[in-house]
J.: 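The structure is given below, and queries will be raised subsequently.
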Amino acid sequence: MTFEDIRAAAINEWDSLEKSDQVRIYLGSATCGRAAGAKTISDELEEELQKRNISAVITQVGCIGSCYLEPLVDITKPGKPRISYGNMTPKKMVELVDDYIVNDNPRPDLALGSIGEGSVEGITDFFQTPMLKSQVRIILRNCGFIDPEKINHYIARGGYSGLVRTLTMTPDQVIEELKKSGLRGRGGAGFPTGQKWEFCQRAPGNEKYIICNADEGDPGAFMNRSLLEGDPHSVLEGMVIGSHAIGASQGYIYCRAEYPLAIERLKIATDQMRKYGFLGKNIMGTGHNFEIVIKEGAGAFVCGEETALMASIEGKRGMPRPRPPFPAIAGLWGKPTNINNVETWAAAAVIMQRGWEWYSQFGTEKSKGTKTFALVGKIERTGLIEVPLGMTLRSIIYDIGGGVLDGKEFKAAQTGGPSGGCLPQSNLDSPVDYESLAAAGSIMGSGGMIVMDENTCPVDIARYFISFTQGESCGKCVPCRLGTRQMQKILQRICNGNGEQGDIEKLQKIGETVKTGSLCGLGQTAPNPVLTTIRYFRDDYEAHIHDKKCPSLTCKDLIRFYILPDKCQACLICLRNCPAEAILGGKRMIHVIDQDKCTKCGTCFDVCPKKFDAVVRVTGEKLDVPDEPVPMLAGKA
Amino acid sequence: METLNLSIDGKEVKAKQGSTVLAAALDNEIYIPSLCFHPHLSATGGCRLCVVEIEGYKDYVPSCTISATDSMVVRTSTPQLLQLRREALNPILSQHPCACLMCWRQKKCGPDDICLRNVAVTDRCVTCPRNYNCELQQVVCHVNKNDVKIEYSYRNLPIDDSNPFFARDLNRCILCGRCSRVCNEIRGIGAVNVYNWGGDSLNGPFGSKPIFDTNCISCGACVSSCPVGALYFKDSPKAETETKTTCTYCGVGCGLVLGTRENKVINVYPDKESEVNKGYLCVKGHFAIKEMVHHPDRLTVPLINCGGQFSPVNLDEALNIVASRLRNYRSDEVAVISSSKCTNEDNYVAQKFARVVLGTNNVDNCARL
Ligand SMILES: Cc1cc2nc3c(=O)[nH]c(=O)nc-3n(C[C@H](O)[C@H](O)[C@H](O)COP(=O)(O)O)c2cc1C
């Protein structure tokens, strides 16, 4: 079968689905959807359809990125655009089957938007909704639209045409094309991908390897998982393209074992590729041989570092080694190796499909193309987004993310995970690209973006991240293993209210030593969260150290909860909910918190009815409230 | 082999092709402090003490991992480097007992003295088996840390003395990783490696099992490679005299240093200069010699069995008796068994004697290793 035949058959299959005269239902069934309950929805749906004897085509699709709306179900009726429904529950599912599928009422009240040609009254175009409007979905173009377990869906939407094109070109031409596209590594450091491929291609040796880094160890990041679950073929196509350009005969995908669905879909996808001759011996009749092995990692953060990752594939403990020699010269099993992030491989595939001119129109002068971000934290619309590089932090957080949760004040955004930095309000208008982030003391990283509100304490955040990196340090080099531990101890004591004069300077000094002295990227970047928070939120540190106050009201040892006697209505709600039984009081007796027993969990603060607002959180001061419950004043309700 | 010419601290030196910058410096008597480096083992660049400045390199680099090249210009002791080393040493000392290292009275104290500074016994250099033979002491001396306050606290890790010949006190471990590298790279055993993560990382058997319950072959190579007192031999009293000799346990001919006191072997160390074993020994050579040498059952002269009574004779006499008796047997009635303690050449001669002189194929050796 030639590729033209394969493609014709694939388009046929896709069209028969798209133009089918049956109802088509798309279920978001990536891990995120499943965690939100997609499975029960799908069971409910099947049952309802069966009861009513309706035949429908149900397709499991990947994640469209709107995490806050999970689980998502899309319904297309013949001749109508596709309509998305979010936050589905079994009850809503039943209603939709009755109202829309049976009775043709699309329920605009439940709908999020419509997708595709045509419009439905009362429902906006989904891609014109604020979250999607300013996104440019190139890498994620198929996620949520195709069935990731069907190679034909991918091919029908232009897939593998990049590979076909690549195979007609010489390796040098492919590398040249990538260089022109301006693509830079999406795994963290942003090294130009074409140049990296070239190093490996030029390296002496006839056995070479390529690796796809799907370790994704940053807390709060899930871009790579979503892509692998939603569109595995795009990554695999990129790898086969790379193998041709670099001259590699063996590829590895290093994926953390915590991503079982991604691994399963990769396995299905590679089997399908073999059937079509995109993988294995004599790929598409060109004589090029390439195989892919999926290697499951045990989920250590440091195993995302390239040399540690290779050690791990070799069966050793994942510990980085000094470079040089660089992996392009001596990598896996001592052979020239090229390693790229999941997203980088997928971008290479798109570039080969659509050409470098097209790709390089997105982004900025030095940072071309688009980047996916996992937008999480205290933000209205969490999710996986894709934007052209160079978009401002403000547009990402306010336009796409809908601003800070519950209308609170923006405090900081953490980019680049534990290796990145916290950017304050003053950086909101700076563009998100490699250079600007580095200038602000942060990094792009693989694309985690955590938004923090006024109640997030920067000192506590720094403590959290340094504890994370400290615990993930492999132990090999001294500055990282013990320097981060020293920093953690100091930050811990600052958060506990035992900070000492000079601690900030000590943190900065150790931080610089760890940065310059560490062996690998983990240690070299681990102090970033601490150093940037000191740089931008020094006042918070000083308040903790000198005044023993936590201005964000987060650090437990520095805050106290009180019940205001003139506001308390003796409703017993906080008293009953306190897990530490630290609240004294009774009917018509004003409640009092026993400060010795209080664990500062904040439950009373959360449960006190808004209209009373009697529980307050204070730092650095003692309120003059009764020690014992006192009777409510007469005349009060 | 091509030699390289490079400049280290302004001194023109020669180095062998393929040697690292650190090796080139050490070969030319330029000391660069280091703790994780070991000439037989792969370099890890972990301790960060051997950092140097090389012209053309952006960052300071660990000299143990960089190959020397022709006309390289290296500086090993600029003020910035000294400062970096001091900073790299600081965290090491936050996990290794350091009170005596920092104390000017160090040389005056003996193991039984009362410490004027109330340093716990577990934290004293003077009670450490490696006192004065400790690479950390040497490095501290060189880097000179006397002025900095170190936040040290005893880690209180259990001491593993399951092995009869050596003990492991990880409270003194600086995680240089030499023990695991020697066990993996030289011995091919892999009984110890790094486990745990971050500041809790330790070197030892998987799952922190006692070393005796692992596949450890008790060769003691890890102990010899330890730069500090974390691994130590149980038999380390100081010898009066040290004598170089060759191990008699087998035909390999490993070089040994026998430590003796009052004419008794009290400890054995591998001879680092021996071309045969290059500083490594097996469990027998390392730990079973003093027992064998002084064992009451050891045969030191030939014995003749006369009616159930063994009586000593000299060697010539014994040989004569054997020779005269052998004549009374046909060749297929005799067998020759030689010892694995003989050299290969001896064994060759023994089988030749059996086959050619006695005319028998009944030849064996006790080697069943
Ligand atoms: C501590 C640490 C963790 C890393 N984790 C990841 C990861 O999870 N995924 C990833 O793609 N790259 C990770 N990297 C970056 C890789 O070392 C490497 O630079 C990257 O995979 C190269 O791919 P790229 O050129 O496509 O960016 C990590 C680096 C460090 C230092």
Side-chain angles (χ1 to χ4, degrees), chain A residues 298-303 307-308 311 315-325 329-330 334 418 466-490 493 500 502-503 506 509-520 522-524 526, chain B residues 20 34-36 42-51 57-67 69 80-81 83-96 148-153 173-177 180-181 184-185 190 193-203 206:
Chain A
F301 176 58
V302 72
C303 285
T307 55
K316 301 180 189 145
R317 176 179 158 104
M319 300 226 262
R321 60 159 180 77
R323 295 169 304 180
I329 305 297
I466 207 84
S467 315
F468 175 84
T469 32
Q470 193 282 127
E472 292 288 332
S473 161
C474 77
K476 189 172 198 170
C477 78
V478 175
C480 174
R481 166 165 53 96
L482 296 174
T484 54
R485 158 119 346 162
Q486 286 182 325
M487 293 174 79
Q488 183 199 8
K489 278 190 184 158
I490 297 174
R493 91 174 165 230
E500 294 163 12
D503 272 353
K506 222 182 244 176
K509 190 153 184 273
I510 303 175
E512 287 303 331
T513 310
V514 175
K515 258 179 111 154
T516 46
S518 291
L519 191 157
C520 85
L522 194 149
Q524 286 160 7
Chain B
T20 62
S34 71
L35 285 169
C36 66
S42 65
T44 66
C47 75
R48 316 309 277 178
L49 288 167
C50 72
V51 282
Y57 280 64
K58 209 165 64 228
D59 303 318
Y60 297 112
V61 284
S63 55
C64 64
T65 65
I66 303 285
S67 299
T69 54
Q80 290 89 334
L81 286 171
Q83 181 62 23
L84 264 181
R85 284 192 196 124
R86 240 170 266 146
E87 282 163 9
L89 193 56
N90 189 351
I92 297 179
L93 297 180
S94 74
Q95 276 202 338
H96 182 94
V148 184
K149 184 174 163 271
I150 309 267
E151 294 183 25
Y152 164 77
S153 59
C173 175
I174 56 167
L175 217 84
C176 65
S180 33
R181 273 177 289 150
N184 282 285
E185 296 172 12
N193 206 335
V194 184
Y195 64 98
N196 289 354
W197 290 96
D200 297 328
S201 306
L202 291 170
N203 258 308
F206 183 71

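We name chains A, B, ... by the order of the sequence lines, and we start the count at 1 in each one. Because the structure is a prediction, the values reported are computed rather than measured.
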J.: From B:N193 CG over to A:R317 CZ, what is the distance, rounded to the nearest 0.5 angstrom?
T.: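 One gets 7.0 Å once the value is rounded to the nearest 0.5 Å.
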J.: Supply the atom-to-atom distance A:K489 NZ to B:S153 OG, rounded to the nearest 0.5 angstrom.
T.: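 Those atoms lie 4.5 Å apart.
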J.: Under 4.5 Å from any heavy atom of chain A, what part of B:T44 do you find: side chain, backbone, both or neither?
T.: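 Both parts, heavy atoms under 4.5 Å.
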J.: Is A:T469 in contact with chain B via its backbone, its side chain, both, or neither, using a 4.5 Å heavy-atom distance?
T.: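 A:T469 has no heavy atom closer than 4.5 Å to chain B.
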J.: Could you look at B:L202 and say if it's the side chain, the backbone, both or neither that has a heavy atom under 4.5 Å from chain A?
T.: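 It is neither, since no heavy atom gets under 4.5 Å.
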J.: If you count heavy-atom pairs under 4.5 Å between each of A:G517, A:G483, A:P325 and chain B, which one has the most?
T.: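 Ranked by heavy-atom pairs under 4.5 Å with chain B, first place is A:G517.
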J.: Give the minimum heavy-atom separation between A:V478 and B:I92, together with the two atoms involved.
T.: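 Nearest pair, atom of A:V478 first, then B:I92: CG1-CG1, 3.4 Å.
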J.: Considering non-hydrogen atoms only, spot the tightest contact between A:Q470 and B:D200 and give its length.
T.: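 Reported closest heavy-atom pair: OE1-N, 4.5 Å.
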J.: With a 4.5 angstrom heavy-atom cut-off, which part of A:V514 approaches chain B: side chain, backbone, both or neither?
T.: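 Neither part; nothing is under 4.5 Å.
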J.: Between B:N196, B:N184, B:D59, B:N203, which residue shows the highest count of heavy-atom pairs closer than 4.5 Å to chain A?
T.: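 Going by pairs under 4.5 Å, I would pick B:N196.
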J.: Taking all non-hydrogen atoms of both residues into account, name the closest pair between A:P479 and B:G46 and its distance.
T.: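 Shortest heavy-atom separation between A:P479 and B:G46 comes out as CD-O, 4.4 Å.
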J.: Enter the distance from B:E87:CD to A:E512:CD here, rounded to the nearest 0.5 Å.
T.: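 So the gap between those two atoms works out to 9.5 Å.
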J.: As an exercise, state the distance from CZ of A:R481 to OG of B:S201, rounded to the nearest 0.5 Å.
T.: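 So the gap between those two atoms works out to 6.5 Å.
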J.: Of the backbone (N, CA, C, O) and the side chain (C-beta and beyond), which part of A:Q486 lies under 4.5 Å from a heavy atom of chain B, both, or neither?
T.: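 Only the side chain of A:Q486 comes within 4.5 Å of chain B.
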J.: By ring pair (Phe, Tyr, Trp, His ring centres under 6.0 Å), which residues pair with B:Y60, not counting sequence neighbours?
T.: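 Ring pair (Phe, Tyr, Trp, His ring centres under 6.0 Å) check on B:Y60 returns nothing, list empty.
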J.: Identify the two heavy atoms, one from B:R48 and one from A:S518, that lie closest to each other, and give their separation to 0.1 Å.
T.: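 For B:R48 versus A:S518, the nearest heavy atoms are NH2-O, 3.3 Å.
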J.: Measure the CZ-OG1 distance between B:R86 and A:T513 for me, rounded to the nearest 0.5 Å.
T.: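 One finds 12.0 Å between CZ of B:R86 and OG1 of A:T513.
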J.: Quick check on A:K509 against chain B: is it the side chain, the backbone, both or neither that has a heavy atom closer than 4.5 Å?
T.: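 For A:K509, the contact with chain B is made by the side chain alone.
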J.: Would you say A:C474 and B:W197 make side-chain contact, with heavy atoms under 4.5 Å?
T.: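 When only atoms from C-beta onward are counted, B:W197 and A:C474 do touch, with a gap below 4.5 Å.
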J.: Work out which heavy atom in A:C477 is nearest to a heavy atom in B:G45; give both atom names and the distance.
T.: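 Reported closest heavy-atom pair: CB-O, 4.3 Å.
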J.: Count the heavy-atom pairs under 4.5 Å between each of B:C36, B:P91, B:A88 and chain A, then report the option with the highest count.
T.: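 Answer, by heavy-atom pair count under 4.5 Å with chain A: B:P91.
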